[in-house]
Amino acid sequence: MKRLIRYTLVALALGSSAAYAGDDQSFTAIQKGRDLAILGDCAACHTAPGGQAYAGGLELQTPFGIIASSNITPDRETGIGAWSDEQFYNALHNGTTPHGSHLYPAMPYPAYTKLTREDTDAIHAYLQTLQPVNKSVVTNRLPFPFNIRADMAVWNALNFTEGTFKPDPQKSPEWNRGAYIVEGLGHCGTCHTPKNVMGGDKNSAHLEGASLQGWFAPNITNDQRLGIGSWSEDDLVQYLKTGSNARTIASGPMAEEIEKSSARWTDADLKAVAVYLKDLKPAHPGDNAQPIAADDKRMTAGAAIYKDRCAGCHQDSGKGGAKLFPALAGSAIVQQPDATTLMRVVLQGSQGAGTSGAPTHPAMPSFSHTLNDDQVASVLTYIRNSWGNAASAVAGGDVKSLRKNSPGG
Amino acid sequence: MTSALRSALSRRRFLTSTGVALLIAPAVSNGYARTITGLPWEPNAGDYPKPVVPGGWVFFTGDEGVAVEAIVDRLIPHDDLSVGGKEAGCAVYIDRQLAGSFGDSSWLYMRPPFAKGTPSQGMQSPVVPAQRFRTSLAALDSYCKQTYSGKGFAALGADQQDDLLKGLEAGKVQLPNVDGKAFFDLVLQSTMEGFFADPLYGGNKDMVSWKMIGFPGARYDYRDHISKHNQPYPNPPVSITGRADWSVRS
């Protein structure tokens with residue numbers, strides 16, 4: 001009897017130590033996986049509006065058609081409950097499913113390929129702890145010929161570079177951590193890097209801004225005029241953590257990213273991302289633009305509108321008010337080559353990000369009822385070319401087509 | 001505001017729903033306690049007034065329109081300060097108001113009893129403004145024709161018109177079957193509204209009254225000017241629909 005007890009105790013001890021070392025269902029691994037899932041903002045795409053978290057079904061509008069996100073809860077039938085760590089790693093690292101078919105790069109595996117195996121295992125361990133949701137999603141809603149998944153083998157050959165992140169020994173561990181987040185799990189380039197005709201990243205214009213889903217994700221290189229060149233590391237940290245800083249307030253998809261993801265990152269990760277972005281040189285410096293003359297007719301009309309409708313909040317000086325009214329003078333987003341975001345914000349109005357660090361949710365009213373297309377174009381041309389700003393004029397026709405394509409506009 | 005929304009906010013329904021809410025609130029408040037995160041917001045929100053479409057009368061008959069134009073031009077005569085009430089569009093303003101929710105009192109609680117109220121309580125009557133205008137203008141017309149040998153109000157001389165209006169205001173002129181003073185008060189109030197309201201409602205043509213009194217119009221705030229003491233405010237008036245300078249002139 002005594003011997004039996006001894007055997008049992010040894011077995012238990014072995015068993016538990018084995019569990020601690022190798023079983024990825026340990027608390028530490030799950031906790032780490034949860035933090036990584038937040039860092040990668042997996043829930044943002046893998047949750048339908050009003051649906052259960054991670055159960056998929058969000059429709060992503062791509063230039064090629066609609067792709068819906070998949071169910072990644074551990075349901076064995078409709079989710080990824082039957083996947084091994086290896087299979088999960090392959091999906092993130094190579095963009096392939098356990099059946100050998102290809103994922104579409106709406107799932108940003110071209111960025112996730114940089115993740116370490118340790119991190120994908122941790123994320124998988126966390127996802128396995130979720131409540132399984134039995135909900136099948138038809139993910140591929142693309143028209144022919146894009147609905148043929150085998151196309152992606154060709155696409156990958158042209159646009160995808162497989163490979164785990166390799167730290168740069170010349171740079172600090174903090175810089176490398178930032179690079180790992182920005183280029184990998186954070187998948188910043190998915191929105192902020194322009195795409196080629198196939199929807200692949202234009203690596204020659206890395207993080208220099210791109211339009212998607214009726215917004216323009218601005219240049220986030222360290223460019224002085226078009227990027228975050230005039231921001232300090234603290235400005236960046238504050239923006240990503242709270243949604244606003246002394247210059248600007250996040251809106252649109254970035255507000256959503258901040259609220260759901262970066263507001264919950266650790267301070268060390270936020271700092272690391274800031275350090276990396278501040279070191280990112282643009283391939284196309286944007287410092288040679290000339291402003292449109294102030295006596296141009298579009299500018300004088302824009303000035304009149306600005307004075308009557310905008311200056312109340314953004315002030316005659318264009319400086320706005322810290323944390324409440326974004327500054328337009330010197331703003332990078334105001335001077336992007338593509339004015340989609342500006343047109344959209346003026347037409348529809350906008351609600352800024354709200355986080356525990358900046359809970360006000362400041363909002364701008366819609367001007368679609370009181371400004372016609374040419375007036376919207378004039379006032380945007382004015383703000384893009386005043387107070388030292390310089391950017392191309394906005395055309396009334398562009399406002400017209402955005403108004404036509406925006407719901408309720 | 002849409003008519004559906006308006007009816008959803010009818011007073012009775014509001015009172016009913018409030019009453020029900022008060023009754024059940026104590027029972028369920030514990031179970032439903034929750035933290036509201038974020039603030040509701042939706043794109044393109046706004047309940048903007050529709051600008052008046054220029055053109056012929058919508059409510060008035062031709063004769064009524066002529067009479068009202070004559071009245072508003074005596075209440076606000078053309079002088080060296082501004083154009084007259086007719087040119088400023090006051091009659092157009094009144095016409096469009098009477099054709100809309102002011103004319104039929106559809107935004108007011110209009111169920112009996114109609115007790116006699118105090119002066120500060122406004123009209124207490126089942127007779128809506130559109131009806132009041134119609135019967136009063138008819139009474140005024142028959143009074144004029146009887147008193148001034150067949151002439152309507154518009155055909156009278158300016159002095160005769162002034163005397164008649166003063167008589168109505170003082171309660172000295174009795175119109176047949178109509179409260180002449182109440183009608184005068186209604187016309188005076190409506191004329192002032194037309195003269196000073198935003199031009200999108202049909203009056204205050206070219207913001208004439210705002211230019212006259214120096215009112216800067218539909219602006220949001222004045223932080224850029226609040227510390228500039230003893231300096232005239234530099235910006236011209238602006239309507240809800242803007243001003244001429246907003247458009248690129250070629």
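Basis for what follows: all heavy atoms, side chains included, without hydrogens, waters or symmetry-related copies.
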Check your understanding: Above 12 or not: heavy atoms from other molecules or residues under 6.0 Å from CG of B/Asp63?
Key -> no
**Study point:** Closest approach of B/Trp246 to A/Asp308 (non-hydrogen atoms, all atoms of both residues)
**Key:** NE1-OD2, 2.8 Å
Study note, to complete from the structure: When the 4.5 angstrom heavy-atom criterion is applied to A/Asp374 and chain B, the contacting part is neither
Practice item. Spell out, as yes or no, whether a donor-acceptor pair under 3.5 Å connects the side chain of B/Arg223 to the backbone of A/Gly312. Key: yes
**Study point:** Whether A/His369 side chain and B/Asn44 backbone form a donor-acceptor pair below 3.5 Å
**Key:** yes
Practice item. Please flag which part of B/Asp245 lies under 4.5 Å from any non-hydrogen atom of chain A: side chain, backbone, both or neither. Key: both
Check your understanding: Does B/Lys211 NZ have over 12 foreign heavy atoms under 6.0 Å away?
Key -> yes
Practice item. Hey, could you give me the OH/OG distance between B/Tyr48 and A/Ser366, rounded to the nearest 0.5 Å? Key: 6.0 Å
Practice item. Kindly check if the number of other-residue, nucleotide or ligand heavy atoms within 6.0 Å of CD1 (B/Ile226) is above 12? Key: no
Practice item. Pick one of side chain, backbone, both or neither for A/Ser378, based on which atoms fall under 4.5 Å of a heavy atom in chain B. Key: side chain
Revision key, fill the gap. Under 4.5 Å to a heavy atom of chain B? For A/Ile305 that would be both
Practice item. Considering only heavy atoms and a distance below 4.5 Å, find which of A/Ala311, A/Ser350, A/Gly354 pairs most often with chain B. Key: A/Ser350
Check your understanding: Is the CD atom of A/Gln52 crowded by more than 12 outside heavy atoms at less than 6.0 Å?
Key -> no
Review point. Taking atom CG of A/Asp316 and atom NE2 of B/His225, what is their separation to the nearest 0.5 Å?
Key: 5.0 Å
Point to revise | Atom group of B/Ala244 that falls short of 4.5 Å from chain A, counting heavy atoms | key: neither
Practice item. Please check if atom OH in B/Tyr220 has more than 12 non-hydrogen atoms from other residues, nucleotides or ligands closer than 6.0 Å. Key: no
Practice item. Hey, could you give me the CD/OG1 distance between A/Gln375 and B/Thr241, rounded to the nearest 0.5 Å? Key: 9.0 Å
Review point. What distance separates A/Gln351 CD from B/Glu42 CD, expressed to the nearest 0.5 Å?
Key: 11.0 Å
**Study point:** Which atoms of A/Thr355 approach chain B - backbone, side chain, both or neither, heavy atom under 4.5 Å
**Key:** neither
Revision key, fill the gap. One option among A/Ala304, A/Pro365, A/Ala363 has the most heavy-atom pairs under 4.5 Å with chain B, and it is A/Ala304
Point to revise | Closest non-hydrogen atom pair, B/Trp41 against A/Gly349 | key: CZ2-C, 3.3 Å
